[in-house]
*Asks:* 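First, the structure itself, so that you have it in front of you.
No experiment lies behind these values; they were computed from the predicted model shown. Chain identifiers are assigned alphabetically (A, B, ...) following the order of the sequence lines, protein sequences preceding nucleic acid strands; residue numbering begins at 1 within each chain.
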Amino acid sequence: MDLASKLERLSLELVQKQDYLYKVTVNLERLESLLLSFLNEFGYITLDSINCRDDLEDGFFTITYCLQTKKRDHIVMVQTKIQRENASLPTMHTIWPQAEIMEREMHEMFGVDFPGHPTLIDFALEYWDNMPPLRRDFDTLEYVNSMNPFRKQRGDALDAKEEMKKKREAKKAAKLKAEKEAQTKAALEAQNNPSDEVKDEE
Amino acid sequence: MKNNLENTIKIFHGPQHPGITGNMSVELDLLGETIKRAQTHVGYLHRGFEKLIERRTVVQAFTIVCRICVPEPDPNEENFARAVENLTGLEISEKAKYIRTMVLEMQRLATMFLWMGGQAGSIGLGLIPQWSVCDRDYMLDRFEELTGGRVYHMYAFPGGVRRDLPEGFLERLSDLLDYYEKRIIVYNNTFFDNVIFRKRAIGVGVVNRDDVLKNAYVGQTMRGCGIKKDVRKDMPYLMYDKLDFDIPIQQDGDVYARAIVRRDEMLQSIRILRQIIKQMPKEGEILQKIPKHRKFKLPSDDTYVQTESARGAMSYYMAGDGSEKIRRMQVRGPSLVHAYTLLEKLLVNTELADVAMTMNSLGICPPEIER
């Protein structure tokens, strides 16, 4: 592929991942200039998507720009890593208008800042004041429980484990009671009808 | 602000509006009947699929990906299955590939019939939706027979498909295609050649051809501007490289051009399905046996897959981290860019009555925008 030699001149390596999929990794400082080179020099005029992945354990976000040429016969993933704390990326909306909405979504879902972006407003979440929800340290269960507490006196407010324990104990007690009753009944019957035993003795 | 918004009134087109294509809203600033500014709002159906999926295994996530786009679940299933296959190196049999291609084309036809109902209904042609929704139901019968589900199928699993074809299925599908071929002639006379539709749609919602590729407009929006591109031809997947079909295009870039492209694509889908019926292998494994599929581990790697849905190219980014859970899955459907970048621009200086028609012609599916 011709692109590979062009990137080699920039000291970057192009890796083929699938038949139609290639990947190049670049550091943040060179990202903007590389994307501009892809657009203006290499002919990758379409920005298909911007993807973000939270690598919480390593402390960074992995950002992937997917680009296509006019022929649309392959996709190149341009990948970079940014620090999770005070995450910030250059905005691409001036050269690819669709980046405006993609970056707005990423800002809302991951908290990545885009200095110079004109509309970093709500996307799908209205008046959201919590941690950006697609960060991996966002605890969905804790958030749901804090925002929607169970109402008292309702069936779904019961603790399932406790209820199961109570049920098991009740069942056990009922079984013991039934056994005891059966024993008492058998003893009473034996007292009332001693004739069989007398006959045996005779 | 570019537009002069003095003396304008503001109305919200949706989310409670029969002309809207789903749970979204377009905020319109009107001067008389003319739109001076349009702003898209979503968030009425945010179900957090991407968050749900990152805590789930492949088997658990498989059952929810189809719900990302209600009228068109199968391209989602295909993308998900193919992304997992790419990451793990799973190979699927030729028969499974043929079946998956068949399901995608069946889905394309079903989606087109539903679109036709929406498009005709948006300009007051009330009869067409009644016919086309009924005709779509015949395809849903076939889906029910094949997969057990009418709308959501959960059929294309990583490694193949879940069930084999029922006895006599291909004959019944062939009969349905005969019926559809006759019906498309009827739709052509009553809808596509209808003077009302032509007068309303020609010259409305014209997309600038120069913007198409740079702004990532896809599907009929792209092909309606004369750009002959289709993922099935450009980056063939499954059995598309073994099938003979054309990519219909139109030059005008308006609502009518997009409708005609869709009509021609329906005929191409029928053509593809006829070839599949002929070429379908009698024998073959339908689902590759995966050891410990409940604890199926994805390697620490990422991939990007693209499928041509009935509304344009739909892409998935997927990453694994060596565990059983999917690290990240991001959905990029055609609706995001069409509903924001394109629609907001396209509606300016058009009439209020054309909003629903323009939205329908772009194939916007709001559940897919916010996931």
*Asks:* Does A:P133 offer a backbone N or O that forms a donor-acceptor pair with the side chain of B:K51 under 3.5 Å?
*Replies:* yes
*Asks:* NZ of A:K81: more than 12 outside heavy atoms within 6.0 angstrom?
*Replies:*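 Yes, enclosed.
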*Asks:* Out of B:A319, B:G48, B:A313, B:P236, which one racks up the most heavy-atom pairs below 4.5 Å with chain A?
*Replies:* B:P236
*Asks:* For B:E54, is it the side chain, the backbone, both or neither that has a heavy atom under 4.5 Å from a heavy atom of chain A?
*Replies:*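 For B:E54, backbone and side chain are both near chain A.
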*Asks:* Give the intermediate values and the outcome of side chain to side chain contact (heavy atoms under 4.5 Å, CB included) for residues A:I50 and B:R332.
*Replies:* CA-CA 9 Å; A:I50 311 174; B:R332 158 73 169 93; over 6 Å; no
*Asks:* Relative to chain A, which of B:D302, B:D211, B:T40 shows the most heavy atom pairs under 4.5 Å?
*Replies:* B:D302
*Asks:* Evaluate whether atom NZ of B:K10 has more than 12 neighbouring non-hydrogen atoms of other residues, nucleotides or ligands under 6.0 angstrom away.
*Replies:*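 Correct, the count exceeds 12.
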*Asks:* Say whether, by atom type as modelled, one donor and one acceptor occur between the side chain of B:R328 and the main chain of A:C52 under 3.5 angstrom.
*Replies:* yes
*Asks:* Using side-chain heavy atoms (C-beta onward) and a distance below 4.5 Å, is A:E100 in contact with B:T341?
*Replies:*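 Counting from C-beta outward, A:E100 and B:T341 never come under 4.5 Å.
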*Asks:* Do any N or O atoms from the side chain of B:K214 and from the backbone of A:P97 form a donor-acceptor pair under 3.5 angstrom?
*Replies:*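 Answer holds: no.
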*Asks:* Who among A:R72, A:M77, A:E126 has the most heavy-atom pairs with chain B under 4.5 Å?
*Replies:*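 Between A:R72, A:M77, A:E126, the count favours A:R72.
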*Asks:* In terms of heavy-atom contacts, does CD of A:E163 have more than 12 from other residues, nucleotides or ligands at under 6.0 Å?
*Replies:*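 Count over threshold, so yes.
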*Asks:* Going by side-chain hydrogen bond (donor to acceptor under 3.5 Å, both in side chains), A:S49 matches just one of B:Y317, B:Y316, B:Y304. Which one?
*Replies:*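 Result: among B:Y317, B:Y316, B:Y304, B:Y304 is the only option passing the side-chain hydrogen bond (donor to acceptor under 3.5 Å, both in side chains) with A:S49.
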*Asks:* Determine whether more than 12 heavy atoms belonging to other residues, nucleotides or ligands lie under 6.0 Å from atom CD of A:E179.
*Replies:*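 More than 12 within 6.0 Å, yes.
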*Asks:* Can you find a side-chain donor-acceptor pair between A:D48 and B:S315 that sits under 3.5 Å?
*Replies:* yes
*Asks:* For the interface with chain A, which of B:E370, B:H41, B:H46, B:K229 has the highest count of heavy-atom pairs at distances below 4.5 Å?
*Replies:* B:K229
*Asks:* Taking the side chain as every heavy atom from C-beta outward, state whether B:I369 and A:F123 have any atom pair closer than 4.5 Å.
*Replies:* yes
*Asks:* Which atom names give the shortest non-hydrogen contact between A:R136 and B:R55, and what distance separates them?
*Replies:*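 Heavy atoms of A:R136 and B:R55 come nearest at O-NH2, 3.1 Å.
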*Asks:* Let me know if B:M318 has heavy atoms under 4.5 Å from chain A in its side chain, its backbone, both or neither.
*Replies:* neither
*Asks:* Go through the atoms of A:T140 and report whether side chain, backbone, both or neither lie under 4.5 Å from a heavy atom of chain B.
*Replies:*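 Contact with chain B is through the side chain of A:T140 alone.
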*Asks:* In a check of side chain to side chain contact (heavy atoms under 4.5 Å, CB included) between B:Y340 and each of A:E105, A:R104, A:Q98, which one passes?
*Replies:*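 In the set A:E105, A:R104, A:Q98, the residue that makes a side chain to side chain contact (heavy atoms under 4.5 Å, CB included) with B:Y340 is A:R104.
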*Asks:* B:D321 versus A:E57: any side-chain heavy-atom pair under 4.5 Å?
*Replies:* no
*Asks:* Less than 4.5 Å to any heavy atom of chain A: does that hold for the side chain of B:R327, its backbone, both, or neither?
*Replies:* both
*Asks:* Check whether A:D122 gets within reach of chain B through its side chain, its backbone, both or neither, counting any heavy atom under 4.5 Å.
*Replies:* neither
*Asks:* Answer with side chain, backbone, both or neither: which region of A:I121 has an atom nearer than 4.5 Å to a non-hydrogen atom of chain B?
*Replies:*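 Neither part; nothing is under 4.5 Å.
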*Asks:* Kindly indicate whether the side chain of A:Q18, heavy atoms from C-beta on, has any atom under 4.5 Å from the side chain of B:M235.
*Replies:*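 Result no, sub-4.5 Å side-chain heavy-atom pair not found.
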*Asks:* Above 12 or not: heavy atoms from other molecules or residues under 6.0 Å from CG of A:D58?
*Replies:* yes
*Asks:* Nearest 0.5 angstrom please: A:L134 CG to B:R371 CZ, how far?
*Replies:* 8.5 Å
*Asks:* Does A:K70 reach the side chain of B:I227, with side-chain heavy atoms less than 4.5 Å apart?
*Replies:* no
*Asks:* Does any part of the side chain of A:Q68, heavy atoms only, come nearer than 4.5 Å to the side chain of B:Q306, both counted from C-beta?
*Replies:* yes
*Asks:* Of B:V212, B:L213, B:N215, which is the lone residue that meets side chain to side chain contact (heavy atoms under 4.5 Å, CB included) with A:T46?
*Replies:*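 Option passing the side chain to side chain contact (heavy atoms under 4.5 Å, CB included) with A:T46: B:L213.
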*Asks:* Which one, B:V218, B:D234, B:L336, leads in non-hydrogen pairs under 4.5 Å with chain A?
*Replies:*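 The candidate making the most pairs under 4.5 Å is B:D234.
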